[in-house]
Amino acid sequence: MFARSAPLLAGLAGLLALAAVSPGLAAPAAPRTTVVPGAIWPDDQGHHIQAHGGGILKLDDTYYWFGEDRGGETKGKKPADRAVSCYASTDLMNWEFRNQVIRTGPPEADVGSPFVFERPKVFHNRKTGKFVMYVHLDDKAYKLARVAVYTSDTVDGDYTFVHSFRPLGQESRDIGGFLDDDGSAYLVFEARPTRGFYIAKLSDDFLTVAEETCFIKSRLEGGALVKYDGLYYMIGSWMSGWAPNNNQYATATSLAGPWSEFRDIAPPGKKTYGSQSTLMLKVVGSKKTSVIFMGDMWRPANHRDGRYLWMPLEIGDGRLRLPEPREWSIDVATGEVVFK
Ligand code: GAL
């Protein structure tokens with residue numbers, strides 16, 4: 001695993017040095033009891049989590065966080081390989097590094113090098129048992145505009161390339177994933193020149209896009225979709241590259257629409273508190289259902305230092321609001337959130 005062995009060796013050397021001067025080994029770091037939006041977020045090995053533009057899959061009581069592993073990038077220089085990492089947590093606050101589930105050069109000849117590999121989203125297909133990952137695959141000029149599909153037999157195993165294509169024959173850049181209550185899976189993708197979001201249903205085996213469910217004509221990307229209390233909520237960001245803007249949301253009673261007008265999720269001018277949407281995570285607890293906004297605070301000059309803005313949303317009755325970021329904790333069993 002690139003960019004991990006060196007710190008690991010340094011960490012071991014540090015531990016040995018510590019053991020030489022102190023009786024017994026150093027105690028492991030205390031478990032994290034809060035989420036601090038925008039802060040460095042160390043995994044169980046002490047490395048800042050590398051899961052940018054991420055997605056979450058829940059299996060039994062464990063949440064798996066997949067995202068762009070930018071650890072191999074130094075100061076904006078793209079390596080020939082791109083990677084996706086997987087972390088696991090049972091409380092959403094403490095994350096264990098599991099595996100660099102993909103580390104690859106360009107999967108197809110026409111992609112070129114360096115290439116773009118962004119916003120991975122993983123689905124579990126209960127019929128085939130496969131874990132299926134969609135990722136935005138592009139050349140460095142963002143002209144190919146395709147998705148690539150990878151599969152694995154285990155959630156945190158090594159994922160292998162299946163194929164790449166333009167969903168519905170359309171240019172596809174930012175992607176989002178959504179699993180509906182009936183088990184149907186959807187890909188959300190931003191398309192140009194049509195300028196808007198497609199919501200497209202995946203095939204039964206999830207390996208390809210089967211049909212268009214809806215096209216939302218609005219110049220947004222970073223699509224994130226959740227169903228809450230019988231209503232679908234979609235968040236998107238304007239197109240300003242890595243720079244933050246005022247993300248917006250719309251609602252619909254059916255995925256096929258009609259969708260409402262888009263409205264700001266935070267006070268205009270706050271630019272989503274410096275973040276861009278990637279996912280809304282629904283935590284269904286015994287007492288409450290909470291929805292957490294997952295945004296990226298990109299740092300394009302040094303992507304590995306990019307931060308995560310995770311905040312519980314105020315949501316319901318067709319309204320959605322991202323509160324001002326502050327420290328919080330969640331009890332995933334009850335779904336209750338406490339702000340510090
Ligand atoms: C953003 C997009 C990111 C990345 C970036 C490149 O708008 O959401 O995922 O593609 O542009 O400039």
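Numbering of ligands and ligand atoms starts at 1, following listing order.
Of the N or O atoms in Q276, one or more lie within a sub-3.5 Å distance of an N or O in ligand 1.
Here the heavy atom of the protein found nearest to atom 1 (C) of ligand 1 is G241 O, 3.3 Å. Taking atom 10 (O) of ligand 1 as the reference point, the nearest protein heavy-atom neighbour is E118 OE1, 2.6 Å. Ranking protein heavy atoms by distance to atom 8 (O) of ligand 1, first place goes to D174 OD2, 2.5 Å.
In H136, neither the side chain nor the backbone holds a heavy atom less than 4.0 Å from any atom of ligand 1. In M239, neither the side chain nor the backbone holds a heavy atom less than 4.0 Å from any atom of ligand 1. For R173, no heavy-atom contact with ligand 1 is shorter than 4.0 Å.
The closest side-chain donor-acceptor pair between S184 and D182 falls under 3.5 angstrom. If you check the side chains of S164 and E108, you find a donor sitting under 3.5 Å from an acceptor. Using modelled atom types and a 3.5 Å distance limit, the side chains of N245 and S240 yield a donor-acceptor pair. Under 3.5 Å, the side chains of Q50 and H48 contain no donor-acceptor pair of N or O atoms.
For F131 and F206, the distance between ring centers is not under 6.0 angstrom.
A salt bridge does not link D264 with K271: every distance from a Lys NZ or Arg NE/NH1/NH2 to an Asp or Glu carboxylate oxygen is 4.0 Å or more. Checked for salt-bridge contact, K127 and D205 miss the test: no charged N lies under 4.0 Å from a carboxylate O.
The residue from W242, Y142, W238 that puts a heavy atom closest to atom 3 (C) of ligand 1 is W242. Residue R119 holds the heavy atom nearest to atom 9 (O) of ligand 1 of all those in E68, E221, R119.
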